[in-house]
Novice: 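Dropping a structure here in structure tokens format, bear with me for questions.
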Amino acid sequence: MADPDLDLLFAAEFPPGGVLFANADWHNAMAGLANRLWCLQDWKPAADRLMARNLRLGSPESPVATALVRLGRQRARNLFDIAQALAALGPGGRLRVAGRNEVGPARYAKDLAAIGLVPHATSKGKARRLDATVAGPLDLAVWKAETAERPILDGRFVSAPGVFAWDRIDAGSAALAALLPADLGGHVADLGAGFGYLAATALARSPAIVRLDAFEADRPAVRCAAANLSAFGARAQTRWHDVTAGVGTALYDAVLTNPPFHEAHGEDRSLGLRFIDVAADALKPGGRLYLVANRHLPYEQKLQSRFKRLERLSEGNGFKVYAAFA
């Protein structure tokens, strides 16, 4: 798949000095920068791609000459990433912010201007890049606070802007939670746990659960889940993990999932199908999968092929909930 925003980020020359890349993902031009490049990435699949190429993840100790930001769909995360990039630049440092047109990169020119920068825009294909030079100190406190954790739902949970359905209970997860049995026990996994609502519901309802592993690819969501599940002590474990890479075989007595069906730039039904395969592999013989999906997603054939028995527990309000038995 073409990445016009990445192409545009790396289309200009790099001056001598360090380079920071926020919301980083691999581009072939990075090979020539590897010895002076630092990458920031909270999405585990992208972080794994970078680590597989031996690129450094983390922040530099000294100011860099160039800072890159790849814009995503979530404004709070984007402003936080821009703040991290600007904070890493020394005087005279160069900022490059690029995004696909669909995420609205033009609007960030106003944000940069509001803190005293003079952005220059370059458009090519389906992406736009903003370039600006830092002349002196900038007040970035508000942007850095954009993704701070905060209480939600009358203080029952903590979450943060940028996390999926960050300030509410996702309707699909609520539909699944309402139908979870109280007799879950042993070892349980929540695949794609978000900020931990479904896991917390299962642990509270089923005291026979010895341990629940909450797998989530988004690191800020993992931090929120860890806080929300802390009351359950050693019964709850949070894991920053790419579920599509698998979670092991024959480990769990039950698996819960509200699988994603969107990747960065649109619907990707293969994600949910992969989650079903991973769940099937991870269940012990006789184990149970509880899954919720949007009504239009065609998961039935995959579920029937991977499980001995399939039950539709409910269908309505745009969702269908299944129990599948290994």
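One-based numbering along the sequence shown.
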Novice: Taking all atoms of both residues into account, what is the closest heavy-atom pair of Leu289 and Ala279, and its distance?
Specialist: CD1-CB, 3.8 Å
Novice: In Å, rounded to the nearest 0.5 Å, how long is the span from OG of Ser270 to NZ of Lys302?
Specialist: 10.5 Å
Novice: Run the side-chain hydrogen bond (donor to acceptor under 3.5 Å, both in side chains) test against Thr133 and tell me which residues pass, sequence neighbours left out.
Specialist: none
Novice: Measure the shortest side-chain to side-chain distance between Arg235 and Ile209 over non-hydrogen atoms and say whether it is less than 4.5 angstrom.
Specialist: yes
Novice: Quiz question: by atom type and distance under 3.5 Å, do the side chains of Asn258 and Ser173 form a donor-acceptor pair?
Specialist: yes
Novice: Considering only heavy atoms from C-beta outward, does the side chain of Phe275 approach that of Pro260 to under 4.5 Å?
Specialist: yes
Novice: Assess the residue pair Arg77 and Asp218 against the criterion (salt bridge (charged side-chain N to carboxylate O under 4.0 Å, His left out)); give the C-alpha distance rounded to whole Å, side-chain angles, the decisive distance to 0.1 Å, and a yes or no.
Specialist: CA-CA 12 Å; Arg77 289 275 182 93; Asp218 181 39; 2.6 Å; yes
Novice: Is the backbone N or O of Ala132 less than 3.5 Å from a side-chain atom of Arg94, with the two atoms forming a donor-acceptor pair by type?
Specialist: no
Novice: List the atom of Ala282, the atom of Val247, and the distance in Å for their closest heavy-atom pair.
Specialist: CB-CG2, 3.6 Å
Novice: Does Asp242 use its side chain to pair, donor to acceptor, with the backbone of Thr244 at less than 3.5 Å?
Specialist: yes
Novice: Apply the test side-chain contact (heavy atoms from CB on, under 4.5 Å) to residues Leu138 and Leu117: give CA-CA distance (whole Å), side-chain angles for both, the deciding distance (0.1 Å), then the verdict.
Specialist: CA-CA 9 Å; Leu138 299 168; Leu117 298 177; 4.3 Å; yes
Novice: Do any pairs count as a side-chain hydrogen bond (donor to acceptor under 3.5 Å, both in side chains) and have a residue in residues 50-60, sequence neighbours left out, and if so which ones?
Specialist: none
Novice: Checking Val255 against Leu191 for the side-chain contact (heavy atoms from CB on, under 4.5 Å) test, could you report, in this order, the C-alpha distance in whole Å, the side-chain angles of both residues, the deciding distance, and whether it holds?
Specialist: CA-CA 7 Å; Val255 171; Leu191 307 184; 3.7 Å; yes
Novice: If we only count heavy atoms from C-beta on, is the Tyr290 to Pro181 side-chain gap below 4.5 Å?
Specialist: yes
Novice: In Å, rounded to the nearest 0.5 Å, how long is the span from CZ of Arg288 to CZ of Arg309?
Specialist: 10.0 Å
Novice: Please list all pairs meeting ring pair (Phe, Tyr, Trp, His ring centres under 6.0 Å) that have one or both residues in residues 174-195, counting only residues at least two apart or in different chains.
Specialist: Phe157-Phe195
Novice: Strictly by side-chain hydrogen bond (donor to acceptor under 3.5 Å, both in side chains), give each pair with a member in residues 135-154 just once, sequence neighbours left out.
Specialist: none
Novice: In this structure, would Met30 and Met51 fall into the same cluster of hydrophobic residues linked by side-chain contacts under 4.5 Å?
Specialist: yes
Novice: If you look at every heavy atom in Ala67 and Ala85, which pair is closest and at what distance?
Specialist: CB-O, 3.5 Å
Novice: Are Lys44 and Asp48 close enough for a salt bridge, meaning some N to O gap below 4.0 Å?
Specialist: yes
Novice: Run the numbers on Leu256 and Leu180 for side-chain contact (heavy atoms from CB on, under 4.5 Å), then give the verdict.
Specialist: CA-CA 9 Å; Leu256 324 173; Leu180 287 180; 3.8 Å; yes
Novice: Heavy-atom count around Arg223 CZ within 6.0 Å, excluding the residue itself: above 12?
Specialist: yes
Novice: Going by heavy atoms in the side chains, are Leu95 and Leu112 under 4.5 Å from each other?
Specialist: yes
Novice: Within a strict 4.5 Å, meaning less than it, do heavy atoms of the Glu216 and Arg239 side chains meet?
Specialist: no
Novice: Which residues pass the side-chain hydrogen bond (donor to acceptor under 3.5 Å, both in side chains) test with Gln74, sequence neighbours left out?
Specialist: none
Novice: Side-chain donor-acceptor contacts of residues 318-326 below 3.5 Å, not counting sequence neighbours, with atom names and distances?
Specialist:
| unit_1 | atom_1 | unit_2 | atom_2 | d |
| --- | --- | --- | --- | --- |
| Lys320 | NZ | Arg295 | O | 3.0 |
| Lys320 | NZ | Leu297 | O | 2.6 |
| Lys320 | NZ | Glu300 | OE2 | 2.8 |
| Tyr322 | OH | Glu300 | OE2 | 2.4 |
| Tyr322 | OH | Arg312 | NE | 3.2 |
| Tyr322 | OH | Arg312 | NH2 | 2.9 |

Novice: Salt bridge (charged side-chain N to carboxylate O under 4.0 Å, His left out): which pairs involve residues 108-119, sequence neighbours left out?
Specialist: Arg75-Asp111
Novice: Does Asn317 CG have over 12 foreign heavy atoms under 6.0 Å away?
Specialist: no
Novice: With no hydrogens and no angle check, do the side chains of Gln41 and Asp25 hold a donor and an acceptor under 3.5 Å apart?
Specialist: no
Novice: Kindly give the heavy-atom pair with the smallest separation between Ala135 and Pro91, and that separation in Å.
Specialist: O-CB, 4.2 Å
Novice: Kindly compute the distance separating CG (Leu8) from CG (Asp5), expressed to the nearest 0.5 Å.
Specialist: 8.0 Å
Novice: Can you list every pair that meets ring pair (Phe, Tyr, Trp, His ring centres under 6.0 Å) and has a residue in residues 4-31, with sequence neighbours left out?
Specialist: Phe10-Phe14, Phe10-Phe21, Phe10-His27
Novice: Starting from Val118 and following side-chain heavy-atom contacts under 4.5 Å between hydrophobic residues (I, L, V, M, F, W, Y), which residues can be reached?
Specialist: none
Novice: Would you mind checking if Asp81 and Arg70 are paired as a salt bridge, meaning a charged N to carboxylate O distance below 4.0 Å?
Specialist: no
Novice: Check Asp253 against Gly185 and note the closest heavy-atom contact, atom names and distance.
Specialist: CB-O, 3.5 Å
Novice: Ignoring hydrogens and geometry, is there a side-chain-to-backbone donor-acceptor pair from Asn23 to Leu40 under 3.5 Å?
Specialist: no
Novice: Can you measure from OG (Ser206) to CG (Asp183) and round to the nearest 0.5 angstrom?
Specialist: 6.5 Å
Novice: In chain order, what residues pass the side-chain hydrogen bond (donor to acceptor under 3.5 Å, both in side chains) check against Arg96, with sequence neighbours excluded?
Specialist: none
Novice: With clusters defined by side-chain heavy atoms of hydrophobic residues (ILVMFWY) lying less than 4.5 Å apart, directly or transitively, does Phe80 cluster with Val103?
Specialist: no
Novice: Would you kindly say whether Asp213 and Tyr252 are connected by a side-chain donor-acceptor distance under 3.5 Å?
Specialist: yes
Novice: State the CD1-CG distance between Ile169 and Leu153, to the nearest 0.5 angstrom.
Specialist: 4.5 Å
Novice: Restricting to pairs with a member in residues 190-210, which pass salt bridge (charged side-chain N to carboxylate O under 4.0 Å, His left out), not counting sequence neighbours?
Specialist: none
Novice: Test: ring pair (Phe, Tyr, Trp, His ring centres under 6.0 Å). Region: residues 217-242. Which pairs qualify, not counting sequence neighbours?
Specialist: Phe215-His241
Novice: Begin from the C-alpha positions of Arg168 and Ser159 and carry the test side-chain contact (heavy atoms from CB on, under 4.5 Å) through to its verdict.
Specialist: CA-CA 9 Å; Arg168 64 190 187 279; Ser159 187; over 6 Å; no
Novice: Given 3.5 Å as the limit, does a donor-acceptor pair link the side chain of Arg36 with the main chain of Gly17, or not?
Specialist: yes
Novice: Working to the nearest 0.5 Å, report the span between CG of Leu303 and CG of Asp277.
Specialist: 9.5 Å
